[in-house]
Protein chains: 2
Amino acid sequence: MPKLGMEPIRKAALVQATITEIGRTGSLEVTVSQIAKRAGMSSALAHHYFGGKEALFLAAMRHVLSLYGAEVRGALLSAAGPQARITAILRASFSPTNFRREVVGAWLNFYVLAQTVPEAKRLLAIYQRRLRSNLLHDLRPLSGARAGELADGLGALIDGLYLREVLKDGPPDGEAAVACARAYLDSHLKEPSL
Amino acid sequence: MPKLGMEPIRKAALVQATITEIGRTGSLEVTVSQIAKRAGMSSALAHHYFGGKEALFLAAMRHVLSLYGAEVRGALLSAAGPQARITAILRASFSPTNFRREVVGAWLNFYVLAQTVPEAKRLLAIYQRRLRSNLLHDLRPLSGARAGELADGLGALIDGLYLREVLKDGPPDGEAAVACARAYLDSHLKEPSL
DNA sequence: TTTTTTGTTGATTGACGAGTCAATAAACTT
DNA sequence: AAGTTTATTGACTCGTCAATCAACAAAAAA
């Protein structure tokens, strides 16, 4: 039965299954067997391809981060002007793809992972820096010197909205989150001179 | 050696040790033995007094939440007027007591716990409701109809600032966090009529 | 003084889970 | 055809950990 060229397929399936399982159980206490089973293979194969649980987690994290990054980049392509670009970033952050319970749950647990695993911390730091730099780029023309604090605040607000989504029951509402973040911005941008 | 009336002392020590260990390792994967050792007793005694690991976690959570609540209440006593009261809440939230790596790490993991343990979810929900109600009480006289959204946004921002603290290295800076939250508020309160 | 209650632990149990390995099989290479 | 590489798994090892238990000690109650 063994067909060749399985490696990328298996790996992709495992990464997806990892995200799903972490999101489903809401914790990192998932067994390699659970993940492998969901991905339709034995746990031994998961070890074969990834070498260990931690590497699997990190691969899943990279995947989520890269999906998010791609979505932001995509949204930025069709946005002209600072205002539109910032809105695009927010839309991407709270898009149905990213703002799903499963994915949000995974994010939360990546933060936990970052406390123990340096590589996870590094990855999250990269995400934060990139977000900040993106926001800064478009905030500077709008608010000048204050752009720095604004970007920091907005970043924290986004993370906070994610965090709260974890606890909420009922379906996710990305629109509301975008509105909240926009309100934060708009009120800050109202004063022209000071 | 056994002296009587040990129960409350042992329990308090265990709760404290639990928070410390969760904060130190940054995860819920702490063994009862670790906790008991830090609290200066055998793991069997921990089981004797709390019945199980989960109950111990919940007790720790209640303790953190109640400390936080007490600090907020205390700060509110010496605050007159909505503006001062809101500032007091922010100060308490980011006070050196609560805004320590150890405690912040514990909070993060309580969010994770809330995904699996209904009682943990309930406790966090109570905290969120109380914070919201406190903010609302003082935002209404300041911003009227918008108070609702404002309270939600501010709540999320506070959580987000906590979350970011987890990743940061270097000592915690509560002042900066308070400033950020105040900035959020001030800009929102600037428009008198709309 | 016996008995009961409270405090305490070392040793044990039982489950579970990460990682390894030997074995099997299909596909490619020579 | 013989040998190599890739895919795949069941069975096993080894460690860890929550939870239990039997036993001991001291204080309080009887």
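Proteins get letters first, then strands, A, B, ... in listed order; numbering begins at 1 in each.
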Identify each donor-acceptor pair in which a side-chain atom of residues 33-40 of chain A lies under 3.5 Å from a protein atom, sequence neighbours left out, and give them as a table.
| residue | atom | partner | partner atom | Å |
| --- | --- | --- | --- | --- |
| A/R38 | NE | A/E21 | OE2 | 2.4 |
| A/R38 | NH2 | A/E21 | OE2 | 3.1 |

To the closest 0.5 Å, what do you measure between [atom1] ([X]) and [atom2] ([Y])?
| X | Y | atom1 | atom2 | answer |
| --- | --- | --- | --- | --- |
| B/K53 | B/H47 | NZ | NE2 | 8.5 Å |
| B/I19 | B/N109 | CD1 | CG | 12.0 Å |
| A/Y68 | A/R73 | OH | CZ | 11.5 Å |

To the nearest Å, how far apart are [X] [atom1] and [N] [atom2]?
| X | N | atom1 | atom2 | result |
| --- | --- | --- | --- | --- |
| B/F50 | C/dT8 | CZ | C1' | 16 Å |
| A/I35 | C/dG19 | CD1 | C1' | 14 Å |
| B/Q34 | D/dA19 | CD | P | 15 Å |
| B/H47 | C/dT6 | NE2 | P | 21 Å |
| B/E7 | C/dT6 | CD | C1' | 9 Å |
| B/M6 | D/dA26 | CE | C1' | 13 Å |
| A/K37 | D/dT9 | NZ | P | 14 Å |

Run B/E175 and B/R182 through salt bridge (charged side-chain N to carboxylate O under 4.0 Å, His left out) and show every step you take.
CA-CA 10 Å; B/E175 286 305 312; B/R182 280 245 46 118; over 6 Å; no

Does A/V112 belong to the same Ile/Leu/Val/Met/Phe/Trp/Tyr cluster as A/I22, with side-chain heavy atoms less than 4.5 Å apart forming each link?
yes

Going by number, which of residues 21-31 of chain A have a non-hydrogen atom under 4.0 Å from DNA chain D?
none

Given side chain to side chain donor-acceptor pair (under 3.5 Å), test B/E71 with B/S95 step by step and report yes or no.
CA-CA 9 Å; B/E71 189 144 350; B/S95 78; 2.6 Å; yes

Run the side chain to side chain contact (heavy atoms under 4.5 Å, CB included) check on B/V64 and B/N98 step by step: do they pass?
CA-CA 8 Å; B/V64 169; B/N98 294 314; 5.9 Å; no

Report the residue from A/W107, A/Y111, A/F110 that forms a ring pair (Phe, Tyr, Trp, His ring centres under 6.0 Å) with A/Y127.
A/W107

Is there side-chain contact between A/V30 and A/R24, with at least one heavy-atom pair below 4.5 Å?
no

Measure the shortest side-chain to side-chain distance between B/T87 and B/R91 over non-hydrogen atoms and say whether it is less than 4.5 angstrom.
yes

Terminal axes of the helix from C/dT1-D/dA30 to C/dT30-D/dA1 (5 end pairs apiece), angle rounded to 10 degrees, sit apart by 20°

With sugar-phosphate meaning primed atoms plus P, OP1 and OP2, does A/G52 contact a base, only sugar-phosphate, or nothing at under 4.0 Å between heavy atoms?
sugar-phosphate

If you apply the rule salt bridge (charged side-chain N to carboxylate O under 4.0 Å, His left out), what do you find for B/R62 with B/E119, and how did you get there?
CA-CA 10 Å; B/R62 278 192 208 98; B/E119 175 68 6; 3.3 Å; yes

List the steps and the verdict of salt bridge (charged side-chain N to carboxylate O under 4.0 Å, His left out) for A/K168 and A/E165.
CA-CA 5 Å; A/K168 233 185 53 182; A/E165 188 64 26; 3.5 Å; yes

Under-3.5 Å N/O pairs linking protein and nucleotides 9-11 of chain C:
| residue | atom | partner | partner atom | Å |
| --- | --- | --- | --- | --- |
| C/dT9 | OP2 | B/S42 | N | 3.1 |
| C/dT9 | OP2 | B/S42 | OG | 3.4 |

Under the ring pair (Phe, Tyr, Trp, His ring centres under 6.0 Å) test, which residues partner A/F99, sequence neighbours left out?
A/F94, A/Y162

Write out a two-atom table: protein N or O, nucleotide N or O from nucleotides 28-30 of chain C, distance below 3.5 Å.
none

Any side-chain N or O of A/Y49 less than 4.0 Å from the OP1 or OP2 oxygen of D/dT8?
yes

